[in-house]
Amino acid sequence: MKQPRLAVGCDHAAVAMKDDIVRDLRGAGLQVEDVGAFNQDSVDYPDFAALVAARVTSGAADLGIALCGTGIGVAIAANKIRGVRAAVCHDVTTARLSRQHNDANVLCMGARIIGPAVAADIVKEWLAADFEGGRHKRRVEKIEALEATQTVKR
Ligand code: RB5
């Protein structure tokens, strides 16, 4: 994907990481919407995961980055929104594979788990990778079918 438009959001635990990422991406010439949080006052991560998810599913952004203390809360919340495939990635390999195999459209990271240099490398690797399609497309389509039914037949 060439020069994706991005939405980036976080809770209070990840403001510094979010600010670094937004600064770096804008510095690289990418269009980035910062949906907050903007200070370290305690907030609820589902609210910011929902803002990032809404930007992606509305088409206002091509990809999203959602951050919290662990990355887990924002990922669980974002994945409740139809059309979101959020992946918690704390290494470059899973970041790359989340794009190539799962067509992840929201990258989640935990600011209490990894440091800023690792996070910056993960963002770069994630944005450089493209969905490979093929057999992976069939599997992503099955995820979409699960979203449509909301139930699983046994
Ligand atoms: C906030 O204290 C913390 O629970 C949150 O950032 C995140 O780690 C939740 O998954």
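At least one side-chain heavy atom of Asp34 sits less than 4.5 Å from a side-chain heavy atom of Asp19. A 4.5 Å side-chain heavy-atom check between Leu67 and Cys108 finds every atom pair outside the cut-off. Side-chain contact between Gln100 and His136 is absent, with no heavy atoms from C-beta onward closer than 4.5 Å. Within the 4.5 Å cutoff, the side chain of Val88 has no heavy atoms near those of the Met109 side chain. Residues Gln31 and Leu25 form no side-chain contact, since every pair of their non-hydrogen atoms from C-beta on lies 4.5 Å or further apart. Taking the side chain as every heavy atom from C-beta outward, Lys18 and Phe38 approach each other to under 4.5 Å. Contact check for Thr70 versus Cys68: side-chain heavy atoms found under the 4.5 Å cut-off.
Evaluation of the salt bridge (charged side-chain N to carboxylate O under 4.0 Å, His left out) rule for Asp103 yields Arg85, Arg99 as partners, not counting sequence neighbours.
With side-chain heavy atoms closer than 4.5 Å counting as contact, directly or through intermediates, the hydrophobic cluster containing Val52 also holds Val35, Val43, Phe48, Leu51, Val56, Ile81, Val84, Val106. Grouping Ile, Leu, Val, Met, Phe, Trp and Tyr by side-chain contacts under 4.5 Å, direct or through others, puts Val74 with Tyr45. Side-chain heavy-atom separations under 4.5 angstrom define the hydrophobic clusters, and the remaining members of the one that includes Val140 are Phe131.
Other residues, nucleotides and ligands contribute over 12 non-hydrogen atoms within 6.0 Å of the CD atom of Glu144.
For the pair Glu147 and Arg82, the tightest heavy-atom approach, listed with the atom from each and the gap, is O-NH2, 3.2 Å. Here the closest non-hydrogen pair linking Ala86 and Asn79 is N-OD1, 2.8 Å. The heavy-atom pair separating Arg55 from Ala7 by the smallest distance is CB-CB, 3.6 Å.
Although no hydrogens or angles enter the test, the distance criterion places a donor-acceptor pair under 3.5 Å between the side chain of Asn105 and the main chain of Gly83. Within the 3.5 Å criterion, the main-chain N or O of Ala60 finds a donor-acceptor partner in the side chain of Arg5. Panel note: side chain Asp91, backbone Thr94; a donor-acceptor pair is recorded below 3.5 Å. Side-chain N or O atoms of Asp11 include one that pairs as donor or acceptor with a backbone N or O of Ala13 at under 3.5 Å.
Using a 4.5 Å cut-off between side-chain heavy atoms of Ile, Leu, Val, Met, Phe, Trp and Tyr, with links allowed through other members, Val92 and Leu97 fall into different hydrophobic clusters. There is no path of hydrophobic side-chain contacts, each under 4.5 Å, that joins Met17 to Val15.
Annotation: ring-ring contact (aromatic ring centres under 6.0 Å, His included) contacts involving residues 68-95, sequence neighbours excluded, are absent.
In this structure, Leu107 CG and Leu63 CG are separated by 9.5 Å, a value rounded to the nearest 0.5 Å. Arg135 CZ to Arg139 CZ: the interatomic distance, rounded to the nearest 0.5 Å, is 5.5 Å.
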Counting only pairs under 3.5 Å, give me each side-chain donor-acceptor contact of residues 115-129, with atom names and distances, residues two or more places apart or in other chains.
from: Glu125; atom 1: OE2; to: Arg96; atom 2: NH1; distance (Å): 2.9
from: Trp126; atom 1: NE1; to: Ser98; atom 2: OG; distance (Å): 3.1

